Amino acid sequence: MSVAVAERRRLSPEERREELLQFGHEFFAEHAFDAFSMDEIADMAGVSRGLLYHYFGGRRGFYLATVAHAADGTIAAMERARGNGDTIDVLAVLDGFVGYVHDNAGIYKAVIHGGFASDEVADVETDRVRDYIFNLALGYACIEHPSDLERIALRGWIAFIEMATAEWVDQQAVTRTEFVELMASNLLSIFRQLHIDVS
């Protein structure tokens, strides 16, 4: 495996933990959390077993921390793209989402699409990302109390963008701009069908 934490350097505890989580992104994209012993994982990461236990408390803790880190990163990318204004730029937010997935495709596909790293507890983190996107869509359309139909439609759209983004990352048969515009236009089409004016 090509991901080993680089040779030991003098890092702060926060920097060391971040480095290990980046290793976790690549490791858990290829392996279930219990596929290797803690000693083997530590050896591949280039750190001591005790250090992994110190930060994460075990293999499962390391995996769950990695998934939470990926969820945090996804939301942070969309937050940066959204900016501080009251108006939500759907294209910008979706571009932030796509950009993060592009740069972290392995762990994204493993967690979202039930790969080696599939885990029921980790669904809490993936649902956190879905809820963030759901609430952004509600905010964009100024919907405070969604109806059952609106909720179903938006949750379906989120499932669409998850699957479509994984496909785009693999194939990239169209440009990133074209792909983002496709997802945004799909959302606008849903709003039109629900008779919601977002002009």
Side-chain angles (χ1 to χ4, degrees), residues 18 21-22 25 29 64-115 117-199:
E18 176 68 22
L21 288 168
Q22 290 299 331
H25 276 225
L64 293 176
T66 300
V67 175
H69 184 262
D72 289 340
T74 307
I75 292 172
M78 290 187 284
E79 279 284 290
R80 287 192 297 271
R82 178 183 180 180
N84 297 320
D86 293 332
T87 303
I88 298 173
D89 185 335
V90 171
L91 284 173
V93 172
L94 288 174
D95 188 67
F97 172 77
V98 171
Y100 186 84
V101 174
H102 177 270
D103 294 341
N104 299 272
I107 191 66
Y108 172 82
K109 289 187 290 184
V111 174
I112 295 291
H113 300 291
S118 181
D119 185 282
E120 289 184 3
V121 176
D123 287 347
V124 172
E125 296 299 333
T126 55
D127 284 344
R128 186 159 61 90
V129 176
R130 291 167 182 150
D131 288 344
Y132 178 87
I133 298 172
F134 179 76
N135 288 322
L136 272 180
L138 291 180
Y140 175 70
C142 299
I143 300 172
E144 293 187 6
H145 304 290
S147 67
D148 289 340
L149 183 60
E150 290 165 348
R151 185 178 295 104
I152 290 169
L154 291 178
R155 292 293 184 185
W157 174 71
I158 292 168
F160 160 70
I161 68 171
E162 286 181 353
M163 295 298 294
T165 302
E167 177 75 12
W168 179 81
V169 167
D170 281 342
Q171 305 296 328
Q172 296 190 43
V174 298
T175 67
R176 178 165 158 176
T177 298
E178 289 173 318
F179 176 61
V180 169
E181 288 176 346
L182 170 67
M183 293 192 295
S185 65
N186 187 262
L187 177 62
L188 294 177
S189 177
I190 288 171
F191 285 139
R192 283 195 296 270
Q193 291 177 35
L194 293 171
H195 306 292
I196 297 170
D197 184 9
V198 292
S199 57

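As the structure is a computational prediction, the values presented were derived from the model and not from experiment.
Heavy-atom contacts from other residues, nucleotides or ligands closer than 6.0 Å to CG of D148 number 12 or fewer.
Residue pairs satisfying the ring-ring contact (aromatic ring centres under 6.0 Å, His included) criterion with at least one member in residues 137-165, sequence neighbours excluded, are absent. Here side-chain hydrogen bond (donor to acceptor under 3.5 Å, both in side chains) pairs that include residues 69-81, with residues two or more places apart or in two chains, are E18-H69, H25-H69, D72-R128, E79-Y132. Evaluation of the salt bridge (charged side-chain N to carboxylate O under 4.0 Å, His left out) test over residues 88-104, restricted to residues two or more places apart or in two chains, returns D95-R176. Identified under the ring-ring contact (aromatic ring centres under 6.0 Å, His included) test for residues 174-198, with sequence neighbours left out: W168-F179.
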Determine whether V90 and V93 satisfy the following criterion, side chain to side chain contact (heavy atoms under 4.5 Å, CB included), listing intermediate values before the conclusion. CA-CA 5 Å; V90 171; V93 172; 5.9 Å; no
Hey, mind stepping through T175 and V180 against side chain to side chain contact (heavy atoms under 4.5 Å, CB included) and telling me if it holds? CA-CA 9 Å; T175 67; V180 169; over 6 Å; no
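Atom CZ of residue R130 and atom CG of residue N135 lie 14.5 Å apart, to the nearest 0.5 angstrom. Rounding to the nearest 0.5 angstrom, the gap separating the CD1 atom in I158 from the CG atom in D131 is 7.5 Å. Rounding to the nearest 0.5 angstrom, the gap separating the CG atom in L194 from the CG atom in L154 is 7.0 Å.
Residues passing the side chain to side chain donor-acceptor pair (under 3.5 Å) test with E144: none are found, sequence neighbours excluded. Among residues two or more places apart in sequence or in another chain, the side chain to side chain donor-acceptor pair (under 3.5 Å) test is passed with S189 by Q193.
The backbone N or O of L182 sits nowhere less than 3.5 Å from a side-chain atom of N186 that would complete a donor-acceptor pair. Between the T165 side chain and the E162 main chain, no donor and acceptor come within less than 3.5 Å of each other.
The shortest non-hydrogen separation linking V198 to L188 is CG2-CD2, 3.6 Å. Of all the heavy atoms in I88 and L136, the pair that sits closest is CD1-O, 3.6 Å. The two residues G96 and A77 make their nearest non-hydrogen contact at O-CB, 3.6 Å. When all heavy atoms of I161 and F97 are compared, the closest pair comes out as O-CE2, 4.4 Å. Taking all atoms of both residues into account, the shortest heavy-atom contact from A81 to A92 is CB-O, 3.1 Å. Between L94 and A184, the shortest heavy-atom distance links the atoms CD1-N, 3.7 Å.
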